[in-house]
Amino acid sequence: MSTPTETAEFDGEIETRVYHVDGMTCSACSARVEKVLSSVPGVIDAHVNLALERATLNVIPTVKPDELTGPVAAAGYRLASVHGDQAQSGTGRNGLTGDRAAMIVSVVLTLPFLAQMLAGLLRGWIGADWADWADWHLPVYAEAILATALQVGIGGRYYRSAFHALRGGGANMDVLVVLGTTSAYAYSAYLAATLGTEAAGQLYFEASAIIITLVLIGKNIEARARRSASRAIRELLAVRPATARIRMAGGAEREIPVRDLKAGDVVICRPGDKVAADGVVLHGEAEVDEALITGESVPAQKTTGDSVIAGSINLGGFMEVEARAVGSDSTLGRVFRLVENAQAAKPAIQRLVDRVSAVFVPVVVALAVITFAVWILLGANLETALINAVSVLVIACPCALGLATPTAIVTGAGVAARAGILVKDIESLEQSSDLTHVIFDKTGTLTEGRPVIESVHPLVDGDEHDLLRIAASLQQGSEHPIGTAFQSAARARGLSLVRVERFRNVVAKGVTGEIEGTTYLLGNARLFEADCNGSAPPAESGSRGTAAVWLAARKASGC
């Protein structure tokens, strides 16, 4: 970390940069990369998240990218800048596909060893005299070829990772994997070279082969878990439209990518369009679904001078919106950053894990050496001492907590985002287990997310089932939440809908249509004031937590 003196010498702005880190395998790796980045002059602080494979840096603007990538490369890792939507993309599908291919090859090469082990178990259970076929094992040369292909070919990645870690002055999980598998492989190779075919049944090639394969399977599972956990944030970004239609200075319309929008642009928003940027309505009127931000299922009415939110949906009407906040400056962009920062942050337990990981591998290696020495001193042969020392190396993995903790954080924040719950900071998530009471400041967060018909009240002579049938018929084909509520209520009561003629949608007010020769109006009070010869519904509203929707038949004298 930069010292307070170094930080104080810079009086200008501080930039936040996000990088993808490739090559990390455990929490010792992330701690090493964080240490390397923090030691670069001009870096105020650095936070490396293993689960997201991402480094977030606060740096002086004069720090050049190669000043960061160089030291990280020397430590055995790769730093790549990410922008916008790439921030959650991880290593990409190509890396995942390559790892999956390597895993499949590794499993195929390991299957003969598994078959040999199974045959050995059967010999112990049923006896070789009873079943000669169970007394089977691979030829020594076949074991050596398969094990070498796994150790050198598939296992080469572990050697490279371990070399870079040791060269950089650290040690990661791959150091343990390399020490354990190489010990078992080298001992078996020595026996095969000195004893030839007589070494059959005394080799431990299968141990190194199975360890390499299991570790590779584990890495694939971890990689898939990381990508699945961050998918919720990509889904959050997906609600933004890809393009926006803007009005040029001469009045012509032009469609551009949303990323090219600038504050001050006039964006045209037609029915069904998603609002491309936070802004203010210059002209027009519409009903807008803002549930993704507000949680309210009832559309908000927007007219000239009203504010609109990027990502909300125009359910009906036409608007011209002056963009005020675009991209990462929009409400949706700020929400994205909050959730992203919560995923990337480290809780207290993760900081403890990082400190433990820095010394874990050397301690495990020391324990393995001690184990080997103790068995030799107790009179055990070389084979027994070596097997026990190798066991210490391969079962000790610093990633159990080191990987589980950040992955759990990413997964928790991701699942919450899919459920509409946005975690502002990681400390809140960590302390949530101690909550006893929760206070909600708005009803939108507690509703089912869709309106329902609570009751139907005829104000004059009429049957409520008939009123509901007419109201639902007027809303046939409508995707408006209130229209959907009427249709659902009619289906629940088994009502059959009728054909509507001369249907008309009145933006932000309601609908009109003709059924069996009679013209009906369905909507709020503003519809009747504007479209019913000045007649207005009674001055009563819905009960608490509800909204009133009026249905009336138009007559010559009014409604």
Side-chain angles (χ1 to χ4, degrees), residues 21-33 50 73-78 98-99 102-103 105-107 109-110 113 143-193 203-223 356-373 382-383 385-400 402-403:
V21 185
D22 190 25
M24 295 190 299
T25 59
C26 66
S27 55
C29 294
S30 59
R32 175 63 184 163
V33 175
L50 174 63
Y77 308 95
R78 187 173 66 87
D99 289 344
M103 179 187 68
V105 172
S106 184
V107 169
L109 294 177
T110 304
F113 289 112
E143 286 193 57
I145 292 173
L146 290 173
T148 301
L150 281 163
Q151 193 74 30
V152 178
I154 303 298
R157 63 186 62 201
Y158 304 129
Y159 283 95
R160 289 189 294 272
S161 175
F163 170 74
H164 288 305
L166 293 173
R167 186 182 66 175
N172 58 12
M173 184 191 76
D174 291 334
V175 172
L176 299 181
V177 174
V178 165
L179 288 175
T181 59
T182 302
S183 300
Y185 173 81
Y187 177 71
S188 299
Y190 169 77
L191 292 180
L203 305 178
Y204 292 93
F205 282 129
E206 74 275 3
S208 62
I210 291 174
I211 290 169
I212 288 173
T213 300
L214 289 179
V215 171
L216 190 56
I217 291 173
K219 288 181 181 295
N220 272 268
I221 293 174
E222 293 163 6
V356 172
S357 296
V359 298
F360 189 89
V361 175
V363 169
V364 170
V365 173
L367 290 175
V369 173
I370 293 172
T371 301
F372 179 84
L382 177 64
E383 178 182 352
L386 182 62
I387 291 173
N388 284 285
V390 170
S391 298
V392 172
L393 291 172
V394 298
I395 67 173
C397 173
C399 291
L403 182 66

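Counting from 1, the numbers follow the sequence of the chain as shown.
- In this model, a donor atom of one side chain and an acceptor atom of the other lie less than 3.5 Å apart for Tyr159 and Thr182.
- With respect to Ile212, the side-chain contact (heavy atoms from CB on, under 4.5 Å) criterion is satisfied by exactly one of Val178, Ile217, Leu109, Thr181: Thr181.
- The closest side-chain heavy-atom distance from Val215 to Tyr158 is below 4.5 Å.
- Residues Thr148 and Phe205 form no side-chain contact, since every pair of their non-hydrogen atoms from C-beta on lies 4.5 Å or further apart.
- The minimum heavy-atom distance between Leu203 and Ala192, with the atom names listed, is CD2-N, 4.1 Å.
- Here the CG-CZ distance, from Leu386 to Phe372, works out to 6.5 Å after rounding to the nearest 0.5 Å.
- Residues Ser208 and Leu150 are not in side-chain contact: their nearest non-hydrogen atoms beyond the backbone lie 4.5 Å or more apart.
- Pairing each heavy atom of Arg157 with each of Ala102, the nearest pair is NH2-CB, 3.3 Å.
- With sequence neighbours left out, Arg78 forms a salt bridge (charged side-chain N to carboxylate O under 4.0 Å, His left out) with Asp22.
- In terms of heavy atoms, Ala184 sits closest to Ala207 at CB-CB, 4.4 Å.
- Residue Val392 forms a side-chain contact (heavy atoms from CB on, under 4.5 Å) with just one option from Leu179, Thr371, Val365, and that option is Thr371.
- Here the OG atom belonging to Ser106 is positioned 8.5 Å from the CG atom belonging to Leu214, to the nearest 0.5 angstrom.
- The backbone N or O of Tyr204 lies less than 3.5 Å from a partner atom in the side chain of Ser188, making a donor-acceptor pair.
- Taking CD of Gln151 as the start and CD1 of Ile211 as the end, the distance is 9.0 Å to the nearest 0.5 Å.
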